[in-house]
Participant: 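This is the structure I have questions about; it appears just below.
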Amino acid sequence: MSRLEAKKPSLCKSEPLTSEKVRATLCVLKGILTSSYGPSGRLKQVHNGLGGCVCTTSQSSALLSNLPVTHPILKILTTSTKNHVSCFSDCGLFTAILCCNLIENVQRTGLTPTTVIKLNQHLLRLCTNYLKSESCGCRIPVDFSSPQTLLCLVRSIVTSKPACMLTREETDHISALVLKAFLLTIPENTKDRLILGKSIIVPLKGHRVLDSTVFPGILIEVSEVQLMKILPIKKSNAFKVALFCASLSGDLSDTGEGTMVVSSGVSLENAVLEQLLNLGRQLVSDHVDLVMCQKVLHPSLKQFLSMHQVIAIDRVGVALMEPLSKVTGTQPIGSLGSISPSSYGSVKDLCPAKFGFKHFLHLIPNEATICSLLLCNRNDTAWDELKLTCQTALHVLQLTIKEPCVLLGGGCTETHLAAYIRHKTCNEPESILRDDGCTQTELQLLTEAFCRALESVAGSLEHDGGEVLTDMKYGHCWSSQAESPSVVNWPDWLSRCGCGLCNSQEELHWSFLKATQHPIAPQTCLPHEATGSSNNLTLDCFTAKLSGLQVAVETANLILDLSYVIEDKN
Amino acid sequence: TLCTMAALGSAKAALQVTEVLETILSRCLGPEGRQVLCTKPTGEVLISRSGGCLLEALHLEHPIARMVVACVSSHLRRTGDGAKTFIILLCHLLRGLHTVIDKEQDSLISKNIQTHRRHWKNCCQWKFISQALLTFQTQILDYIMDHYLSKHFLCRSSLELLLEAYFCGRVGRNNHYFISQLMCNYFFKCMACESGFEEVFDLVDDYFVELNVGVTGLPVSDSRIIAGLVLHRDFSVYCPADGDIRIVIVTETIQPLFSASASEFILNSEAQFQTSQFWIMEKTKAIVKHLQSQNVKLLLSSVKQPDLVTYYAGLNGISVVECLSPEEVSLIQRVMGLSPFILPQASSQYEICNTASVKFCKPLTLRSKRYVHLGLISTCSFVPHCIVLCGPVQGLVEQHEGALHGAFKMLRQLFKDLDLSYMIQTSDQNHTSSPLTYKDSRESNPLPEIVNGLIQRPYQGTVVKNKGNLAKTQTYLKVYSNLVVPSVELETCIPCSTPKVTPTDTYQTNETLRCLAPTKTRTIDDNEPFIESNSANSTAENTGIEISSENLQVTKIAGKGNMLPVREKSLEMCTSQSYCCSTLPAGCVLPVGGNFEILLHYYLLNYTRKCQQSEESVVSMIIANALLGIPQVLYKSKKGKYSFPQIYIRTLHALQTSQPIVSSQKGLESVAGKYQLLTSVLQCLTKILTIDLVINIRRQPREMYDQDSDEEV
């Protein structure tokens with residue numbers, strides 16, 4: 001039913017960024033994001049006054065999806081971050097904080113949007129070109145022959161989510177599990193294209209984190225009663241599997257657009273059931289051991305199958321269909337009539353398993369790239385956070401396979417990049433100023449704003465009142481303990497830089513990150529095997545961070561370019 | 001309330017409304033324009049610089065405003081460009097009209113006339129003006145375009161420059177170069193041969209939605225072009241295949257159903273039910289087997305197929321894609337020349353099977369969403385390619401989509417001929433009221449003597465041949481007589497000396513297309529200077545190149561007598577000799593930056609000086625001045641040499657002394673688009689002026705039933 005109603009006129013506001021209210025809300029959002037950033041970030045408890053569960057988190061995806069944002073400008077910022085996270089899982093907070101910093105810093109310069117956008121674009125290109133180039137000083141190639149770098153990468157991700165509430169031992173355990181789960185998804189022999197499998201995360205809440213494990217194959221949750229019916233499973237070398245995608249509940253399939261007239265005395269139910277039992281007979285005569293159905297199995301058919309020692313599991317759900325078909329090598333059957341023998345698959349072994357109070361049927365494949373990660377954590381919120389973390393880590397590992405390099409973490413990439421940009425614009429401004437009508441002063445102002453924005457992201461990692469410094473040789477980020485004396489011998493107070501690559505015992509000079517930075521040409525600090533520094537590095541995903549940087553600058557440009565906001569009040 | 005509305009008058013109200021709109025839209029105009037954020041009631045956020053979008057998003061309430069918006073959107077539907085310019089021009093026109101009317105009122109109408117009567121008197125005045133506008137639009141505008149402006153047009157357009165200028169006004173400043181490059185590449189990749197470029201424009205415009213994929217969360221710079229067609233859905237069944245992959249399209253379910261629509265299936269026994277089901281299964285199996293025997297590897301279906309069909313397809317190594325949209329089906333049909341597979345009714349006859357080959361058929365993953373990627377083999381001049389548009393937020397992706405679609409609309413329009421027609425009085429008796437008097441032309445008679453001999457010859461020829469057209473020919477010469485640069489004269493004199501219809505179509509397309517290729521930009525640059533050279537000093541050199549290329553043409557003409565010029569408009573004299581038809585050839589462009597507006601302004605001013613009828617001259621004057629509003633906005637932020645007054649004076653000076661016009665901008669824009677915009681604005685203005693009263697009623701709007709037709713029945 002349509003209702004004719006006059007539309008209300010929209011509300012049009014000019015120069016939205018100059019409004020005090022917008023600035024204040026942006027500032028609040030930035031405060032929330034920066035305080036959650038990094039391993040020592042503070043947790044946020046989001047709870048809905050109208051009900052629902054309380055979410056304790058410091059991750060951008062959970063935070064932003066729970067945070068209702070009303071102002072359109074903030075909406076742009078948060079959606080762009082959320083979109084980035086849904087593409088790359090990682091570096092969401094980095095993107096959002098950098099974007100906020102850029103908007104704030106650029107506004108302070110008072111340059112016109114045209115100039116700002118042009119120059120921002122140039123600086124971004126400098127950054128991306130540098131990060132992609134061979135000479136990049138904050139990028140490390142991944143050596144797939146040893147798990148060390150990948151393990152560091154996973155551990156950095158796990159430690160950066162404090163809401164998982166993990167101890168050091170648990171962190172190591174989870175990191176190793178995630179890496180193992182990922183390695184199980186890599187096929188052993190590939191021809192031309194590498195097609196990764198899937199790790200299925202199986203929840204087990206209320207248990208110790210150290211109980212978490214990873215299995216090859218699939219765990220299907222079954223009720224205890226069901227399991228009792230199945231047991232004992234007869235021993236065999238291989239189990240023949242049939243997987244149905246069509247419903248086996250006995251409902252009549254699509255009969256067409258016309259009408260169907262059934263004479264009295266004719267029972268369609270019986271006819272359909274007869275058909276189902278025929279199907280059951282065929283399955284039995286084909287020596288099928290396990291029948292799984294995406295939808296519902298008719299009780300009579302179930303009964304019939306169990307009478308013939310065929311294990312029947314129904315309501316598997318659409319999400320498990322693809323992994324199941326992959327693990328067993330079956331083709332989902334959509335017919336109630338004759339079944340082609342080629343549709344059947346097999347599993348190597350089938351065994352019942354009990355974890356905590358949950359019963360599972362474990363399908364052990366001959367050879368497949370599907371594995372199950374049984375994830376435990378003490379309570380619901382911590383488990384949710386841990387699940388997100390593991391998903392992020394698995395995704396990051398996939399991205400790293402595609403682009404086999406990692407960036408230095410702990411703020412070192414940001415400070416190093418800022419030093420590089422300063423150096424570049426100070427020494428070769430012509431390359432940027434050549435084609436645009438911008439002056440050198442404008443370039444310097446904007447470079448400062450841009451580099452400060454990057455450096456403040458690195459600075460946001462420190463939450464305990466310590467000083468953040470940068471060294472004058474590599475441009476890495478260092479943070480000192482709180483309440484260090486004003487004049488100190490820095491090498492004694494600092495041990496390692498943010499990423500853990502540089503040692504303070506080297507001949508280095510430091511300056512406060514907040515102080516005026518002089519342009520230096522940052523050098524590359526290589527990992528030394530001898531010092532063992534490569535074993536405990538903080539690393540970031542290259543693809544995610546690069547894209548996050550680009551998205552942050554593009555979003556900031558977009559927001560700075562807005563001259564009006566038209567709000568539809570309907 | 002009725003009285004207050006009446007007193008306000010529609011023109012006044014329109015001015016108030018458009019002034020508000022102008023302040024908003026002028027900030028988004030041109031290369032310096034900024035973005036606007038629009039929120040929808042659903043919570044979505046849209047980023048836009050397109051005038052059409054913004055006007056729609058504002059949900060204007062005032063009836064006049066709504067009429068203006070309707071005019072703008074109907075203009076946009078046709079041309080895809082110019083909404084912002086529309087409003088700015090309309091605003092300036094209304095402002096100009098008001099100042100003129102106010103002046104007259106002060107002098108003519110005494111104070112003691114009642115306000116009510118004054119209003120009706122105003123309305124009469126508006127009516128006269130709107131009639132004058134109509135005359136202007138139908139006669140004067142085309143005349144000026146054809147006689148004066150056309151000599152400045154460039155018919156060789158570089159696609160790159162055109163698109164860059166277009167996107168400057170449509171997308172964010174940091175992206176316009178990237179997007180225009182993307183579109184350029186896309187166009188050249190899609191074009192199988194040069195002659196088929198019009199088909200490419202048509203096809204892309206019609207199926208734009210199907211030919212692009214939006215991906216959010218990635219930076220804009222990740223956008224790219226991929227060969228083949230991407231369907232916005234995943235495979236229902238995927239069987240990897242290579243070699244000769246044949247596809248079929250079906251529009252109904254392959255599995256026969258119990259009963260077709262409007263029929264009855266009577267079931268008498270359980271056995272009957274089981275046999276029918278068995279028959280259905282066997283039949284489905286047979287059809288799928290038959291498809292397999294035809295080497296079909298992919299089944300495209302516009303409907304959802306039953307599980308049985310997908311199962312059998314999978315068993316036979318046939319991939320299935322279901323639920324294609326009608327547009328996707330028709331695109332595939334058009335590109336491949338493939339018609340849907342008709343399911344055989346009889347049991348065993350399926351010899352005739354419409355299949356076609358594809359190069360590949362594979363899944364494509366973009367941002368963890370799966371798509372179907374088909375390597376269609378085209379049978380037309382469109383080679384299918386898709387644009388993957390990335391952006392951090394959906395709003396930005398949509399903006400880029402909209403801009404790209406608009407650009408294809410603009411190009412489609414640009415490469416169509418535009419007909420111009422106007423009245424021209426050639427007989428001697430009417431000379432006083434003709435746009436240019438006979439007297440003028442006689443005065444100009446001796447002037448061609450100073451022009452070099454090359455041009456004189458064809459000119460002499462026409463005079464001898466068409467004595468009846470003497471006045472007209474001379475009129476032409478009057479206009480161009482004091483030109484200094486010979487090349488320009490060649491251009492303009494040739495058409496009038498050949499009173500024959502030129503079969504321009506084939507020539508034009510070849511000509512313009514050759515210039516479309518990006519590698520050819522150099523030659524275009526060489527040819528451009530005769531309109532935009534850097535300084536007066538360098539004119540000689542630049543035109544030197546121009547002359548050398550033009551001379552070739554001229555000698556040909558001299559030798560063969562009535563050899564047809566390659567890139568000129570055709571001029572046709574109708575039997576009455578007073579009605580003149582002419583064509584603005586496809587692909588005419590001018591440099592951006594208000595060039596069209598300033599040129600038209602200049603020639604209109606010249607025209608008003610010679611014009612005797614007061615109404616016409618007043619209207620032309622108002623239009624001429626209003627046109628300047630556009631460049632004023634464009635150069636608002638520029639200072640010094642590039643400020644508007646400086647540019648205006650320079651251009652006018654160049655026109656008066658017949659020097660080439662110096663343009664600071666490289667980009668190009670379509671003349672036809674500008675012309676259509678001006679006519680649309682004038683039509684809208686006429687509409688506004690003819691309304692004398694806005695009656696405000698408050699009642700639930702009724703549904704629009706076609707009552708008349710009911711009565712007729």
Side-chain angles (χ1 to χ4, degrees), chain A residues 4 7-10 12 16 72-73 75-76 79-80 83-84 86-88 113-114 117-118 120-121 245-246 253-263 266-268 270-271 274-275 331-335 337-338 340 342-343 547 550-551 554-555 557-558 561-568 570, chain B residues 24 27-28 32 34-41 45 47 54 57-61 172-174 216-222 257-270 273-274 277-278 281 306-312 314-315 367-368 391-396 637 700-701 703:
Chain A
L4 282 172
K7 286 211 164 166
K8 277 179 241 141
S10 304
C12 185
I73 288 191
K75 225 181 231 170
I76 287 270
T79 6
S80 119
N83 286 338
H84 165 82
S86 67
C87 278
F88 297 99
T114 321
I117 289 165
K118 263 184 205 159
N120 263 345
Q121 196 69 11
C245 60
S253 57
D254 190 12
T255 54
E257 282 172 9
T259 46
M260 204 155 135
V261 181
V262 184
S263 311
V266 177
S267 163
L268 280 185
N270 283 344
E274 186 54 40
Q275 202 181 6
Q331 185 177 21
I333 301 161
S335 154
S338 60
S340 157
S342 65
S343 309
S547 184
Q550 285 170 289
V551 165
E554 278 183 12
T555 312
N557 276 348
L558 184 63
D561 203 12
L562 295 176
S563 68
Y564 283 98
V565 170
I566 298 176
E567 272 183 272
D568 196 328
N570 287 298
Chain B
I24 298 176
R27 278 210 228 172
C28 310
E32 302 277 305
R34 295 173 62 185
Q35 305 261 28
V36 176
L37 191 74
C38 308
T39 62
K40 287 188 194 164
V45 181
I47 293 135
L54 298 184
L58 281 169
H59 289 305
L60 296 170
E61 219 175 9
R173 257 157 296 182
N174 42 343
T216 54
L218 297 177
V220 176
S221 51
D222 280 8
L257 298 170
F258 278 101
S259 55
S261 76
S263 75
E264 224 167 52
F265 178 78
I266 299 167
L267 205 62
N268 287 323
S269 69
E270 283 155 34
F273 173 76
Q274 275 161 356
Q277 278 217 319
F278 183 73
M281 227 169 325
D307 286 339
L308 192 67
V309 175
T310 46
Y311 174 58
Y312 282 131
L315 280 180
R367 195 211 148 171
S368 65
V393 280
Q394 183 62 26
L396 197 65
S637 67
Q700 273 294 310
E703 288 214 38

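In what follows, chains are A, B, ... by sequence order, proteins preceding strands, each numbered from 1.
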Participant: For the side chain of B:Q274 and the backbone of A:A271, is there at least one donor-acceptor N/O pair under 3.5 Å apart?
Facilitator: yes
Participant: Taking every heavy-atom pair that is under 4.5 Å apart, which of B:V45, B:L54, B:N174, B:V393 has the most such pairs with chain A?
Facilitator: B:N174
Participant: At what distance, to the nearest 0.5 angstrom, does OG1 of A:T259 lie from CD of B:E264?
Facilitator: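 Nearest 0.5 Å value for the OG1-CD distance: 4.0 Å.
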Participant: Taking the side chain from A:Q550 and the backbone from B:S221, do they hold a donor-acceptor pair closer than 3.5 Å?
Facilitator: no
Participant: Shorter than 4.5 Å, heavy atoms on both sides: which option in A:S86, A:S342, A:P332 has the most such pairs with chain B?
Facilitator: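 Top option by heavy-atom pairs under 4.5 Å: A:S86.
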Participant: So which of A:I73, A:T114, A:T79, A:N120 has the largest heavy-atom pair count under 4.5 angstrom toward chain B?
Facilitator: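 Top option by heavy-atom pairs under 4.5 Å: A:T114.
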Participant: Contact part of A:P16 toward chain B, heavy-atom cut-off under 4.5 Å: side chain, backbone, both or neither?
Facilitator: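 No part of A:P16 comes within 4.5 Å of chain B.
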Participant: Please determine, among B:L218, B:L37, B:L267, the option with the most heavy-atom pairs under 4.5 Å with chain A.
Facilitator: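 Sorted descending by pairs with chain A, the first entry is B:L37.
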Participant: Side chains of A:S563 and B:V36: does their closest heavy-atom pair fall under 4.5 Å?
Facilitator: yes
Participant: Identify the heavy atoms of B:P219 and A:S547 that sit nearest to each other, and give their distance.
Facilitator: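 Nearest pair, atom of B:P219 first, then A:S547: CD-OG, 3.2 Å.
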Participant: Looking at B:M281 and A:G337, what are the two nearest heavy atoms and their distance?
Facilitator: SD-CA, 3.3 Å
Participant: Are the side chain of B:T39 and the backbone of A:D568 linked by a donor-acceptor contact shorter than 3.5 Å?
Facilitator: yes
Participant: When you compare the side chain of B:E270 with that of A:E274, does any pair of heavy atoms fall below 4.5 Å?
Facilitator: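 Result no, sub-4.5 Å side-chain heavy-atom pair not found.
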Participant: Would you name the heavy atoms of B:Y311 and A:Q331 that are closest together and state the gap between them?
Facilitator: O-NE2, 4.2 Å
Participant: Looking only at heavy atoms, which two atoms of A:K8 and B:H59 are closest? And how far apart?
Facilitator: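 Closest pair (atom of A:K8, atom of B:H59, distance): O-CB, 3.5 Å.
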Participant: Please flag which part of A:Q121 lies under 4.5 Å from any non-hydrogen atom of chain B: side chain, backbone, both or neither.
Facilitator: side chain
Participant: Could you go through the side chain to side chain contact (heavy atoms under 4.5 Å, CB included) check for B:L58 and A:I566 one step at a time?
Facilitator: CA-CA 7 Å; B:L58 281 169; A:I566 298 176; 3.8 Å; yes
Participant: Among the options A:L558, A:L562, A:V551, A:V565, pick out the one with the most heavy-atom pairs lying under 4.5 Å from chain B.
Facilitator: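 Counting heavy-atom pairs under 4.5 Å, the top option is A:L562.
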Participant: Quick one: are A:C12 and B:I24 in side-chain contact, heavy atoms under 4.5 Å?
Facilitator: yes
Participant: If I compare all heavy atoms of A:S340 with all of B:L315, which pair ends up nearest, and what's the gap?
Facilitator: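 What the structure gives for the nearest pair is CB-CD1, 3.5 Å.
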Participant: Return the option, out of B:E61, B:E32, B:R27, with the maximum number of heavy-atom pairs under 4.5 Å with chain A.
Facilitator: B:R27
Participant: So, for A:N83 and B:G217, which heavy atoms are closest and what is the spacing to 0.1 Å?
Facilitator: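 Smallest interatomic distance, heavy atoms only, reads CB-CA, 3.4 Å.
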Participant: Which atoms of B:F278 are under 4.5 Å from chain A, going by heavy atoms: the side chain, the backbone, both sets, or neither?
Facilitator: neither
Participant: Which bit of B:T216 is near chain A, if near means a heavy-atom gap under 4.5 Å: side chain, backbone, both or neither?
Facilitator: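 For B:T216, the contact with chain A is made by backbone and side chain together.
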Participant: How about B:I47 and A:I76: do any of their side-chain heavy atoms sit closer than 4.5 Å?
Facilitator: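 Heavy-atom side-chain distance check passes, below 4.5 Å.
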